[in-house]
Structures are given as C-alpha cells and as structure tokens.
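Okay, so here's the structure we're looking at.
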Amino acid sequence: EIQLLESGGGLVQPGGSLRLSCAASGFTFSNYAMGWVRQAPGRGLDWVSSIRNSGANTYYADSVMGRFTISRDNSKNTVSLLMNGLRAEDTAIYFCAKYLECSSNCYRAFDIWGQGTLVTVSS
Amino acid sequence: QSALTQPASVSGSPGQSITISCTGTSRDVGGYDYVSWYQQHPGKAPKLIIYDVNSRPSGVSNRFSGSKSGNTASLTISGLQAEDEGDYYCTSFTGSRTLYVFGTGTKVTVL
C-alpha cells in the first residue's frame, strides 16, 4: 500500500523555524516528483513547493520563496520542507503529496496525499 | 500567480448533474492540458478525481468527467449522490517557476 506520513508540525513563534518530513512507502520513491500543499484553517488548498524525482529541480510559491527549502533523500524515501522566518499566515495543515508518473510532464497532478501535519505560528 | 476562479458553491438534487467551472488564463489552464480536480471531505486529505483535463484515476467513478475550453476547465458530476458532498478544487500546471496553481474551491451540496 502506498503511504505518505508527515511529521514535524507544531507550535512555533513568529520568525522561528520548523522542519517537516514526509516518509514514503509502497512505491519506488526515486521515480516520482513530490510536493507540499498547505491549507489554512477554513481556507482552500495552496501549493507550496515541489521537487523533481532526482532532486535537481525545486519550485516554490511566491509566498514562501526565500524562506522555505524543499529537499529529498532518495536513499531514505523522505522529502522534507525546512521553513524559516515563519509568519502567522503560514499557519496551516501541510500535506505531503506524490505526483503521477512522469510522461510528458513530471508535475501533472498529485495522486497520493498524506494526512497532513499542523503548523501553528503564534506568540 | 493568481488562484484559478471557481464558484463558491454549487448544489443539486440527487440524480441530477452539476458542473463546476475553473477559470484561469492562457498561462495556466489555457496553455496546458494539465488540469486536475480534487475532492475533499471535511477533515480529510484531498483525493484526485480527474487529471490531464479528462482522465480518471483507477477506482474513481465514471460519474466524474472533465473538459476544457480555452481558459476555462469544467468538472461535471452526473447522477449526483449524497457522498459527492464536499469541496472540489481545480489545479493547473503553469510552466513557470511557480509551478502549480490551485482554484479557489467549490462547495458542493446535495439537496
């Protein structure tokens, strides 16, 4: 069974840092691009960041560019999101998600999602 | 990159068909055939129901169908059922450094 399990969420003060991790199982992790999507309380889905299967290419939403860093370890089947300079507006559930297989495009759609981890930024 | 525009809510009676629109620009929806749709029930993770404009993942009901015309994509739910209640989001690949954009979301209510 394909699974994604996020960890690392919690309460952090404004300006602080947090590192989210996502452990993948049930598929050949190194073959797929991965991403993070967040959802603020009562709000819609918001794409945060994505990374190519090799890790060679990374992409970020304008709202997190320069503050968040996505990375992956294909030997450990994990993808991480390092979040610095956190703001109140970063408060959200953060979902780790797997992309469909690469065909004409490696970033077509997220077919598998984790259950999410809650990040709360507050003093 | 601005969010794609969806109606805030759509409703229908059991058995009816409803359509949710998703309007973007030529830089996203209109420029690529990589529109996808997600269903989300309260407190749950999103579920992929349509990808590549009109393809369904294995296990997704054929009551869900997608299409696109110009800068607007659409999701149609036929034979509406109570279990279809929830929030629906469209997304599109953008080909830019901000790779991906979500729609504003639509709440579907079965009357």
Side-chain angles (χ1 to χ4, degrees), chain A residues 1-6 22 27 32-53 56-66 68 70 92-118, chain B residues 1-9 20 22 24 28-29 31-60 64 66 73 75 86-107:
Chain A
E1 181 189 5
I2 294 177
Q3 279 192 322
L4 299 172
L5 185 60
E6 303 96 335
C22 173
F27 64 101
Y32 296 90
M34 299 291 294
W36 290 92
V37 176
R38 67 185 179 183
Q39 186 169 35
R43 304 295 296 273
L45 299 174
D46 186 29
W47 171 76
V48 174
S49 181
S50 296
I51 186 168
R52 195 175 179 86
N53 59 324
N57 301 95
T58 57
Y59 303 88
Y60 301 93
D62 285 341
S63 58
V64 307
M65 184 83 69
F68 289 13
I70 190 172
I93 295 174
Y94 284 73
F95 295 100
C96 169
K98 165 190 167 293
Y99 279 100
L100 288 167
E101 71 280 1
C102 287
S103 58
S104 52
N105 184 330
C106 293
Y107 310 101
R108 296 148 60 203
F110 293 113
D111 64 335
I112 303 293
W113 295 66
Q115 286 306 303
T117 185
L118 177 63
Chain B
Q1 192 76 38
S2 299
L4 307 177
T5 301
Q6 298 180 231
S9 63
I20 303 169
C22 169
D28 37 65
V29 174
Y32 304 92
D33 286 336
Y34 299 124
V35 175
S36 50
W37 291 88
Y38 300 86
Q39 175 194 63
Q40 187 180 33
H41 291 129
K44 299 294 187 181
K47 173 188 175 183
L48 178 66
I49 55 175
I50 294 289
Y51 66 95
D52 294 354
V53 177
N54 55 14
S55 296
R56 276 187 311 277
S58 173
V60 172
F64 295 96
L75 173 72
D87 295 321
Y88 290 78
Y89 297 91
C90 63
T91 70
S92 177
F93 176 77
T94 70
S96 71
R97 61 180 181 79
T98 54
L99 192 67
Y100 219 56
V101 60
F102 274 90
T104 50
T106 299
K107 183 176 183 60

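The structure presented is a predicted model; accordingly, all values stated were derived computationally and were not measured. Every chain is numbered from 1 and lettered A, B, ... according to where its sequence line falls, protein lines coming before strand lines. In what follows, every heavy atom counts, from backbone to side chain, and hydrogens, waters and symmetry copies are set aside.
Of the listed residues (Ser92(B), Gly43(B), Pro46(B)), the one with the most heavy-atom contacts under 4.5 Å to chain A is Pro46(B).
Side-chain atoms of Trp113(A) and Gln40(B), non-hydrogen and from C-beta on, never get closer than 4.5 Å to each other. Looking only at side-chain heavy atoms (C-beta outward), Asp111(A) and Tyr51(B) stay at 4.5 Å or farther from each other. Proximity of Ser50(A) to Tyr100(B): side-chain heavy atoms (C-beta onward) are nowhere separated by under 4.5 Å.
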TODO: Could you check Val37(A) against Phe102(B) for side chain to side chain contact (heavy atoms under 4.5 Å, CB included), going step by step and ending with a plain yes or no?
DONE: CA-CA 10 Å; Val37(A) 176; Phe102(B) 274 90; 3.9 Å; yes
TODO: Verify side chain to side chain contact (heavy atoms under 4.5 Å, CB included) between Thr91(B) and Trp47(A), making sure each step is shown before the conclusion.
DONE: CA-CA 9 Å; Thr91(B) 70; Trp47(A) 171 76; over 6 Å; no
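Residue Lys44(B) comes nearest to Phe95(A) through the heavy atom pair O-CZ, 4.4 Å, listed as atom of the first residue, atom of the second, then distance. When all heavy atoms of Tyr60(A) and Thr98(B) are compared, the pair lying nearest together is O-CG2, 3.4 Å. Closest heavy-atom contact between Gln115(A) and Ala45(B): NE2-CB, 3.9 Å. Closest non-hydrogen pair, Gln39(A) versus Tyr89(B), comes out as NE2-OH, 3.4 Å.
Contacts between Leu100(A) and chain B at a heavy-atom distance below 4.5 Å involve the side chain alone, from C-beta outward. Both the backbone and the side chain of Ser104(A) come within less than 4.5 Å of a heavy atom in chain B.
Rounded to the nearest 0.5 Å, atoms OG1 (Thr58(A)) and CZ (Arg97(B)) are 12.0 Å apart. To the nearest 0.5 Å, the span separating CG on Asn105(A) from CG on Leu99(B) amounts to 7.5 Å.
Side-chain atoms of Tyr38(B) come within 3.5 Å of backbone atoms of Phe110(A) as a donor-acceptor pair (strictly under, hydrogens ignored).
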